[in-house]
Amino acid sequence: MACGSARPAPAPVPAQSPPVRNDLHWFRASAEYRGLAREIYRDATEHLAELTQGMAAGRWGVILDADETVLDNSLNERQLADRGLTYNEQEWAVWVRKGAATAIPGAAEFARAVQARGGRVVIVTNRADSLCGATRANLTRIGVRADVVLCQTGPSDKNPRFALVQQGGAAPGIPPLTVVEWIGDNIQDFPGLTQSVRDTPDGYAEFGHRYYLLPNPMYGSWQKVPEL
């Protein structure tokens with residue numbers, strides 16, 4: 001090589017593909033997930049007649065979680081993964097304010113069935129209270145006209161908000177409600193339950209009757225449980 005001649009340019013580095021996330025792929029693409037979600041909501045709907053027999057309209061309700069129970073945020077998960085990012089509060093707030101979450105299959109139909117029978121639809125979510133307006137708007141956009149939306153104003157524990165719904169004071173004009181069903185994707189979406197229930201078979205007695213659990217392999221309180 002002649003003295004002073006330019007060095008050859010380095011070979012281009014191939015772009016790194018985002019890591020494969022089978023959990024996200026299954027949630028977003030599989031027929032199995034869609035079938036499970038519809039099956040769960042259909043079963044919850046069919047039990048309403050039995051659970052509300054003799055109850056006055058407007059005096060009973062159901063409590064649902066929001067994220068991955070009613071609202072599908074998997075596109076946000078996909079976009080973060082494609083950028084090599086994980087959950088952070090700033091990115092989450094941007095996503096929520098966009099109101100781009102879609103409906104979990106069966107959720108809107110279930111909410112309408114509850115209200116058609118005279119029940120109240122209550123959303124108890126750990127989205128920050130500052131994002132509650134955007135959350136209500138997103139719910140309305142997917143066809144879920146919730147009677148009450150309770151966001152997180154203090155600790156993440158939902159049990160005090162469950163009690164507020166049952167005792168009265170959850171929202172103006174909403175009386176104390178008999179809650180006939182809870183629906184969520186995290187064991188903590190159900191009264192008094194934590195991951196410790198996995199070792200207590202009797203703790204699952206209400207599942208499939210008053211408690212309905214949707215699958216969420218993307219995230220949840222289960223991530224803190226040591227693998228056996």
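The basis for the numbers below is simple: all heavy atoms, side chains too, and nothing from hydrogens, waters or symmetry mates.
In this structure a side-chain-to-backbone donor-acceptor pair under 3.5 Å is missing from W60 to A57. A donor-acceptor pair under 3.5 Å is formed between the side chain of D147 and the backbone N or O of V121. At least one donor-acceptor pair under 3.5 Å links the side chain of N216 to the backbone N or O of Y219. Side-chain N or O atoms of R34 include one that pairs as donor or acceptor with a backbone N or O of S30 at under 3.5 Å. Proximity of a side-chain donor or acceptor of T45 to a complementary backbone N or O of F110 within less than 3.5 Å is not detected. Checking side-chain atoms of Q115 against main-chain N and O of R145 turns up a donor-acceptor pair under 3.5 Å. Within the 3.5 Å criterion, the main-chain N or O of A146 finds no donor-acceptor partner in the side chain of R136. N159 places a side-chain N or O within donor-acceptor distance of the main-chain N or O of G192, the cut-off being under 3.5 Å.
Annotation: the span from Q167 atom CD to L177 atom CG amounts to 11.5 Å, rounded to 0.5 Å.
Only one option out of Q188, R161, K158 pairs with N126 in a side-chain hydrogen bond (donor to acceptor under 3.5 Å, both in side chains); it is R161. Of the residues Y212, Y211, F207, the one that meets the ring-ring contact (aromatic ring centres under 6.0 Å, His included) test with W182 is Y211.
Residue Q223 places its CD atom among more than 12 non-hydrogen atoms of other residues, nucleotides or ligands, all under 6.0 Å distant.
Heavy-atom minimum distance, P105 versus A37: O-CB, 3.6 Å. The nearest pair of heavy atoms linking P175 to R120 is CD-NH2, 3.8 Å.
If you check the side chains of D129 and T153, you find no donor sitting under 3.5 Å from an acceptor.
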Check: How far apart are the C-alpha atoms of I183 and V70, what are their side-chain angles, what is the distance that settles it, and do they pass the side-chain contact (heavy atoms from CB on, under 4.5 Å) test?
Finding: CA-CA 9 Å; I183 302 181; V70 177; over 6 Å; no
